[in-house]
Amino acid sequence: MDYPIYFAPLQGYTDAPYRNFFHTCFGGVDAYYTPFVRLEKENRFRNRDIRDITPSQNFVPSLIPQAIASDPDELRSILRLFVENGYTNADLNLGCPFPLLAKRHKGSGILPFTDEIEALFKVFADFPSLTFSVKMRLGWKDTGDAFRLLPLLEKYPIARVVLHPRLGIQQYKGECDLKTFTRFYEQCPVPLIYNGDLKTLEDVQTIVAGYPRLAGIMLGRGLLADPALAMACKSGEKIPGNEFLDRLSRLHAALLQYYLSHYQGGEHQVLTKMKTLWEYLCPDIDRKLRKNILKSHNLETYRNNVQEVLQNYPAY
């Protein structure tokens, strides 16, 4: 099966530089989603959000900006920003599980409130130049939330749904609920994309084989851990170990050079940013070597520790 692969948005990880260099060094992704754009106090955008979606800062072939909102006017402001930047696709986040946002009826926290979601969906008609997708979970506390949305998904101009089969209150803990996902898959009136706990090529192949009508898959943490996963999905086999290490080294070097050139906070800021890569990257490396990276106090030590990891990395 030839299926589209989407790169999930992860706050703090998949910013524009990461997306750009990932695409150059690995690829295999058909479209990238940005971390969500939101309005702050006094209806202002965060500068980093504006910068992250600016077309001149993005070089991937297909980029889909994501909005998070609980109020129609709030959503309109965000969508206007997308249109002003020339986008023709947009995604609405109904899946973010973080409590501080959820309690404000944003992300998965709005899922129990069907009327509030419909008010957001009605805004789509005001932006005929945009094609909309929705990224969601099964619910906040109750899987019934997702099924109450089925009539709305058919009623409003929604091109596809990305479903992560967990509840919001689970965050990323526990198992994905494939039994409930199957029920939703059987009833969903629009193209459906699967997202959640796809860590290996075998994981992806199992989901694709089990749900042949899927419109694609979305990879998130699994792609941060194994940047070659999307490539493997496209070819049906893993890339050779030496090639993986070469691509990984180029990705790491490109990111380090970029942050050194663009960050104004000095070595500490760059080091902090680079360490975030290793929260997911290459989960099977020796724990002591990973700990050494995360404890690095300067860039020289950090570089040496990373080099030791790459030299001792197990065969891919």
Side-chain angles (χ1 to χ4, degrees), residues 4-24 27 29-96 101 104 106-107 110 117 119-136 156-162 191 193 195 215-216 218-220 223 230 254-255 258-259 261-264 273:
I5 296 176
Y6 301 90
F7 201 152
L10 290 99
Q11 290 283 332
Y13 299 93
T14 61
D15 55 11
Y18 184 89
R19 296 190 301 264
N20 292 335
F21 293 126
F22 173 91
H23 185 74
T24 299
V29 171
D30 294 284
Y32 296 75
Y33 280 54
T34 73
F36 57 71
V37 176
R38 70 183 190 217
L39 279 178
E40 298 288 280
K41 293 179 180 179
E42 300 179 356
N43 291 329
R44 294 182 178 179
F45 292 107
R46 296 179 295 185
N47 288 333
R48 67 182 184 185
D49 286 351
I50 295 176
R51 185 169 58 249
D52 193 60
I53 69 164
T54 300
S56 62
Q57 301 299 310
N58 288 279
F59 310 111
V60 298
S62 180
L63 185 64
I64 300 173
Q66 185 182 77
I68 192 168
S70 58
D71 173 83
D73 287 336
E74 183 181 14
L75 181 58
R76 286 189 186 93
S77 295
I78 300 171
L79 295 180
R80 278 195 291 269
L81 176 68
F82 294 170
V83 171
E84 289 167 3
N85 278 274
Y87 287 99
T88 57
N89 290 278
D91 183 72
L92 177 61
N93 184 314
L94 303 181
C96 178
L101 290 171
R104 300 172 189 163
K106 297 180 188 291
I110 199 174
I117 293 174
L120 296 179
F121 286 178
K122 287 180 178 179
V123 173
F124 294 170
D126 298 339
F127 296 87
S129 66
L130 291 174
T131 298
F132 291 95
S133 62
V134 173
K135 190 175 187 301
M136 58 182 282
Y156 293 96
I158 295 169
R160 61 186 175 272
V161 170
V162 181
I193 296 166
N195 170 230
M218 177 172 280
L219 303 174
L223 202 48
L255 285 168
Y258 178 89
Y259 294 130
S261 301
H262 290 79
Y263 276 21
Q264 305 300 314
K273 181 64 176 177

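Nothing fancy with the numbering, it's 1 onward along the sequence. All values below were derived from every heavy atom in this structure, side-chain atoms included, with hydrogens, water molecules and symmetry-related copies excluded.
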Checklist entry - Does Glu74 come within less than 4.0 Å of Lys106, counting only side-chain N to carboxylate O? => result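 Looking at Lys106 together with Glu74, the answer is yes, because their closest N to O distance falls below 4.0 Å.
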Exercise: identify the closest heavy-atom pair between [X] and [Y]:
{"X": "Pro191", "Y": "Ala159", "result": "CD-O, 3.2 Å"}
{"X": "Leu130", "Y": "Tyr87", "result": "CD2-O, 3.2 Å"}
{"X": "Leu120", "Y": "Ala69", "result": "CD1-O, 3.5 Å"}
{"X": "Ala16", "Y": "Asp52", "result": "N-OD1, 2.7 Å"}
{"X": "Ser77", "Y": "Leu39", "result": "CB-CD1, 3.8 Å"}
{"X": "Ala67", "Y": "Ile78", "result": "CB-CG2, 3.5 Å"}

Compare all side-chain heavy atoms of [X] with those of [Y] and state whether any distance is below 4.5 angstrom.
{"X": "Phe132", "Y": "Phe127", "answer": "yes"}
{"X": "Phe59", "Y": "Arg19", "answer": "no"}
{"X": "Ile53", "Y": "Leu81", "answer": "yes"}
{"X": "Asp30", "Y": "Ser62", "answer": "no"}
{"X": "Val60", "Y": "Phe22", "answer": "no"}
{"X": "Leu79", "Y": "Asp126", "answer": "no"}
{"X": "Ile158", "Y": "Phe124", "answer": "yes"}

Which distance, rounded to the nearest 0.5 Å, do you find between the [atom1] of [X] and the [atom2] of [Y]?
{"X": "Leu63", "Y": "Gln57", "atom1": "CG", "atom2": "CD", "answer": "12.0 Å"}
{"X": "Tyr13", "Y": "Tyr18", "atom1": "OH", "atom2": "OH", "answer": "11.0 Å"}
{"X": "Met136", "Y": "Ile117", "atom1": "CE", "atom2": "CD1", "answer": "7.5 Å"}
{"X": "Arg44", "Y": "Ile50", "atom1": "CZ", "atom2": "CD1", "answer": "11.0 Å"}
{"X": "Arg38", "Y": "Leu75", "atom1": "CZ", "atom2": "CG", "answer": "15.5 Å"}
{"X": "Asp91", "Y": "Ile68", "atom1": "CG", "atom2": "CD1", "answer": "10.5 Å"}

Next on the checklist: Please verify the inter-ring angle class for Phe7 with Tyr32; under 30° counts as parallel, over 60° as perpendicular, anything in between as tilted.
Outcome noted: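 Ring orientation, 0 to 90° scale: tilted.
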Next on the checklist: Angle between ring planes, His262 versus Tyr258, binned at 30° and 60°: parallel, tilted or perpendicular?
Outcome noted: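 Taking Tyr258 first and then His262, their aromatic rings lie parallel (interplane angle under 30°).
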Examine distances only and state if a side-chain atom of [X] and a backbone atom of [Y] form a donor-acceptor pair shorter than 3.5 Å.
{"X": "Lys273", "Y": "Gly12", "value": "yes"}
{"X": "Asn93", "Y": "Gly107", "value": "no"}
{"X": "Asn89", "Y": "Ile64", "value": "no"}

Checklist entry - With respect to Phe36, which candidate in Leu101, Leu92, Asp49 satisfies the side chain to side chain contact (heavy atoms under 4.5 Å, CB included) definition? => result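 Answer after filtering Leu101, Leu92, Asp49: Leu101.
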